[in-house]
Amino acid sequence: MSRIVMMGVFALCLSACAEIYRNHGYVPPAEDLSKVTVGVDTRDSVIESIGAPTASGVLEDSGFYYVQTRFRHYGARAPEIVSRELVAISFDNSGVVRNIERFGLEQGQVVTLQRRVTESSLEDKTFLRQLLGNLGNFDPGTVLPTGE
(Lines give C-alpha, C1' and ligand atoms only; values in the text may rest on other atoms or scores of the structure.)
Protein backbone atom coordinates (compact mmCIF):
# COMPACT_ATOMS: atom_id res chain seq x y z
CA MET A 1 0.00 0.00 0.00
CA SER A 2 2.79 2.46 0.80
CA ARG A 3 4.30 1.86 -2.64
CA ILE A 4 1.02 2.96 -4.27
CA VAL A 5 0.95 6.08 -2.10
CA MET A 6 4.56 6.88 -3.03
CA MET A 7 3.77 6.47 -6.75
CA GLY A 8 0.75 8.77 -6.33
CA VAL A 9 2.85 11.43 -4.60
CA PHE A 10 5.52 11.12 -7.31
CA ALA A 11 2.91 11.50 -10.06
CA LEU A 12 1.44 14.53 -8.29
CA CYS A 13 4.89 16.16 -8.04
CA LEU A 14 5.55 15.58 -11.74
CA SER A 15 2.22 17.09 -12.74
CA ALA A 16 2.98 20.21 -10.65
CA CYS A 17 6.04 20.82 -12.85
CA ALA A 18 4.10 20.76 -16.10
CA GLU A 19 4.05 23.97 -18.11
CA ILE A 20 0.74 25.81 -18.11
CA TYR A 21 0.02 28.52 -20.68
CA ARG A 22 -2.50 31.31 -20.09
CA ASN A 23 -3.70 34.02 -22.45
CA HIS A 24 -4.75 37.45 -21.20
CA GLY A 25 -6.48 40.06 -23.32
CA TYR A 26 -7.83 39.95 -26.86
CA VAL A 27 -6.43 40.70 -30.29
CA PRO A 28 -8.76 40.25 -33.26
CA PRO A 29 -7.53 37.74 -35.84
CA ALA A 30 -6.22 38.98 -39.21
CA GLU A 31 -9.38 37.82 -41.00
CA ASP A 32 -11.55 40.03 -38.77
CA LEU A 33 -9.17 42.99 -39.12
CA SER A 34 -9.34 42.68 -42.91
CA LYS A 35 -13.06 43.54 -42.66
CA VAL A 36 -12.17 46.99 -41.27
CA THR A 37 -11.58 49.45 -44.12
CA VAL A 38 -9.18 52.35 -43.58
CA GLY A 39 -10.84 55.66 -44.51
CA VAL A 40 -14.37 54.18 -44.42
CA ASP A 41 -15.15 52.52 -41.07
CA THR A 42 -15.91 54.50 -37.91
CA ARG A 43 -15.49 53.83 -34.19
CA ASP A 44 -18.94 52.28 -33.94
CA SER A 45 -18.49 50.04 -36.98
CA VAL A 46 -15.10 48.85 -35.65
CA ILE A 47 -16.67 47.89 -32.29
CA GLU A 48 -19.50 46.18 -34.14
CA SER A 49 -17.22 44.13 -36.43
CA ILE A 50 -14.29 43.18 -34.15
CA GLY A 51 -15.46 44.00 -30.62
CA ALA A 52 -14.67 46.57 -27.97
CA PRO A 53 -11.00 47.42 -27.43
CA THR A 54 -8.90 46.24 -24.51
CA ALA A 55 -7.93 49.88 -23.94
CA SER A 56 -8.48 53.20 -25.63
CA GLY A 57 -6.37 56.29 -25.88
CA VAL A 58 -6.10 58.92 -23.17
CA LEU A 59 -8.02 61.45 -25.22
CA GLU A 60 -11.60 60.94 -26.38
CA ASP A 61 -10.62 61.17 -30.06
CA SER A 62 -7.61 58.86 -29.72
CA GLY A 63 -7.26 55.27 -30.90
CA PHE A 64 -8.32 51.78 -29.86
CA TYR A 65 -5.77 49.28 -28.54
CA TYR A 66 -6.22 45.51 -28.47
CA VAL A 67 -3.57 43.73 -26.38
CA GLN A 68 -3.00 40.02 -25.82
CA THR A 69 -0.25 38.50 -23.69
CA ARG A 70 0.62 34.81 -23.38
CA PHE A 71 2.20 33.71 -20.09
CA ARG A 72 3.94 30.44 -19.23
CA HIS A 73 3.61 29.17 -15.67
CA TYR A 74 6.10 26.51 -14.67
CA GLY A 75 5.99 25.05 -11.19
CA ALA A 76 6.72 27.56 -8.43
CA ARG A 77 8.54 29.99 -10.75
CA ALA A 78 7.16 33.41 -11.54
CA PRO A 79 5.07 33.56 -14.73
CA GLU A 80 7.10 34.32 -17.86
CA ILE A 81 5.83 36.37 -20.82
CA VAL A 82 6.08 34.17 -23.90
CA SER A 83 4.50 36.55 -26.41
CA ARG A 84 2.67 39.86 -26.56
CA GLU A 85 0.73 41.33 -29.45
CA LEU A 86 -0.84 44.76 -29.84
CA VAL A 87 -3.22 46.08 -32.49
CA ALA A 88 -3.51 49.88 -32.62
CA ILE A 89 -6.36 51.46 -34.58
CA SER A 90 -6.19 55.24 -34.84
CA PHE A 91 -8.96 57.58 -35.96
CA ASP A 92 -9.06 61.03 -37.52
CA ASN A 93 -10.95 63.96 -35.97
CA SER A 94 -14.26 62.84 -37.51
CA GLY A 95 -13.95 59.33 -36.02
CA VAL A 96 -13.02 57.51 -39.26
CA VAL A 97 -10.29 54.82 -39.21
CA ARG A 98 -6.97 56.39 -40.22
CA ASN A 99 -4.48 53.64 -39.43
CA ILE A 100 -4.33 49.97 -38.36
CA GLU A 101 -1.04 48.62 -37.01
CA ARG A 102 -0.11 45.27 -35.48
CA PHE A 103 2.93 45.02 -33.20
CA GLY A 104 4.63 42.07 -31.52
CA LEU A 105 7.19 41.77 -28.75
CA GLU A 106 10.23 39.78 -29.86
CA GLN A 107 13.14 39.49 -27.43
CA GLY A 108 12.18 42.74 -25.72
CA GLN A 109 11.95 44.69 -29.01
CA VAL A 110 8.74 46.04 -30.51
CA VAL A 111 8.32 44.56 -33.99
CA THR A 112 5.79 45.79 -36.55
CA LEU A 113 3.86 42.78 -37.81
CA GLN A 114 1.34 44.51 -40.07
CA ARG A 115 0.48 48.08 -41.05
CA ARG A 116 -2.33 49.60 -43.10
CA VAL A 117 -2.11 53.40 -43.33
CA THR A 118 -3.88 56.10 -45.27
CA GLU A 119 -1.81 58.69 -47.11
CA SER A 120 -0.56 61.49 -44.86
CA SER A 121 2.18 64.07 -44.63
CA LEU A 122 3.90 62.06 -41.89
CA GLU A 123 6.46 59.90 -43.64
CA ASP A 124 7.85 56.81 -41.87
CA LYS A 125 6.43 57.66 -38.43
CA THR A 126 4.17 55.20 -36.66
CA PHE A 127 1.49 56.24 -34.22
CA LEU A 128 3.60 55.11 -31.26
CA ARG A 129 6.70 56.95 -32.54
CA GLN A 130 4.69 60.15 -32.92
CA LEU A 131 3.28 59.73 -29.41
CA LEU A 132 6.65 59.01 -27.82
CA GLY A 133 8.45 61.60 -29.96
CA ASN A 134 6.30 64.42 -28.58
CA LEU A 135 7.22 63.73 -24.95
CA GLY A 136 10.39 65.87 -25.13
CA ASN A 137 8.71 68.72 -27.04
CA PHE A 138 6.50 69.84 -24.14
CA ASP A 139 7.24 73.33 -22.81
CA PRO A 140 5.59 73.99 -19.42
CA GLY A 141 6.06 77.75 -19.91
CA THR A 142 3.42 77.79 -22.63
CA VAL A 143 0.81 76.23 -20.31
CA LEU A 144 1.58 77.72 -16.90
CA PRO A 145 0.59 81.36 -16.25
CA THR A 146 3.42 83.80 -15.71
CA GLY A 147 3.55 86.38 -12.93
CA GLU A 148 2.99 89.32 -15.31
Side-chain angles (χ1 to χ4, degrees), residues 6-145:
M6 292 292 284
M7 299 267 297
V9 170
F10 183 70
L12 184 62
C13 288
L14 282 179
S15 68
C17 294
E19 293 180 342
I20 299 172
Y21 290 92
R22 293 214 169 113
N23 294 320
H24 296 274
Y26 167 72
V27 169
E31 333 42 266
D32 290 350
L33 279 175
S34 67
K35 296 175 186 173
V36 177
T37 307
V38 175
V40 175
D41 280 307
T42 63
R43 292 176 186 277
D44 293 334
S45 65
V46 168
I47 291 173
E48 191 175 300
S49 51
I50 61 175
T54 305
S56 58
V58 177
L59 304 173
E60 184 68 31
D61 294 333
S62 189
F64 287 172
Y65 304 99
Y66 298 86
V67 182
Q68 182 177 22
T69 306
R70 184 172 174 91
F71 292 95
R72 178 176 60 200
H73 299 269
Y74 186 73
R77 295 182 188 171
E80 177 186 350
I81 296 175
V82 176
S83 67
R84 179 171 289 152
E85 194 170 334
L86 172 116
V87 170
I89 300 176
S90 56
F91 300 91
D92 62 14
N93 292 334
S94 60
V96 176
V97 175
R98 180 182 61 189
N99 190 358
I100 301 172
E101 295 178 289
R102 181 185 294 266
F103 299 96
L105 184 65
E106 303 294 331
Q107 298 174 349
Q109 300 292 325
V110 175
V111 177
T112 304
L113 302 175
Q114 182 181 20
R115 178 178 291 146
R116 294 182 353 206
V117 184
T118 57
E119 296 292 324
S120 73
S121 61
L122 300 172
E123 301 269 336
D124 196 34
K125 285 195 175 183
T126 66
F127 175 75
L128 293 175
R129 281 194 184 169
Q130 292 173 36
L131 184 66
L132 295 175
N134 286 326
L135 290 178
N137 296 332
F138 178 70
D139 180 18
T142 60
V143 178
L144 299 174

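Residues L86 and V27 have side chains not in contact (no heavy-atom distance under 4.5 Å, counting atoms from C-beta outward). For the pair Q68 and N23, the minimum side-chain heavy-atom distance is below 4.5 Å.
A distance of 12.0 Å separates CZ of F64 from CD1 of I100, quoted to the nearest 0.5 Å. Here R70 contributes atom CZ and H24 contributes atom NE2; the two are 10.5 Å apart, rounded to the nearest 0.5 Å. Summarising the geometry, atom CZ belonging to R98 is positioned 8.0 Å from atom CG belonging to N93; distances are rounded to the nearest 0.5 Å. R102 CZ to L33 CG: the interatomic distance, rounded to the nearest 0.5 Å, is 5.0 Å. We find the CZ-CZ distance between R43 and F91 to be 5.0 Å, quoted to the nearest 0.5 Å. Of the inter-residue distances, the one linking S83 atom OG with F71 atom CZ reads 9.5 Å to the nearest 0.5 angstrom.
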Under the side chain to side chain contact (heavy atoms under 4.5 Å, CB included) criterion, do V87 and Y65 qualify, and how do the steps go? CA-CA 6 Å; V87 170; Y65 304 99; over 6 Å; no
Does the side chain to side chain contact (heavy atoms under 4.5 Å, CB included) test come out yes or no for V46 and I89, once each step is laid out? CA-CA 9 Å; V46 168; I89 300 176; 4.0 Å; yes
Is there a side-chain hydrogen bond (donor to acceptor under 3.5 Å, both in side chains) between T42 and D44 once you walk through the steps? CA-CA 5 Å; T42 63; D44 293 334; 5.2 Å; no
V36 vs I50, test: side chain to side chain contact (heavy atoms under 4.5 Å, CB included). Steps then yes/no. CA-CA 8 Å; V36 177; I50 61 175; 4.2 Å; yes
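The backbone N or O of S45 sits nowhere less than 3.5 Å from a side-chain atom of D41 that would complete a donor-acceptor pair.
Taking each heavy atom of A52 and Y66 in turn, the nearest pair found is O-CE2, 3.3 Å.
With sequence neighbours left out, the ring-ring contact (aromatic ring centres under 6.0 Å, His included) criterion links H73 to no other residue.
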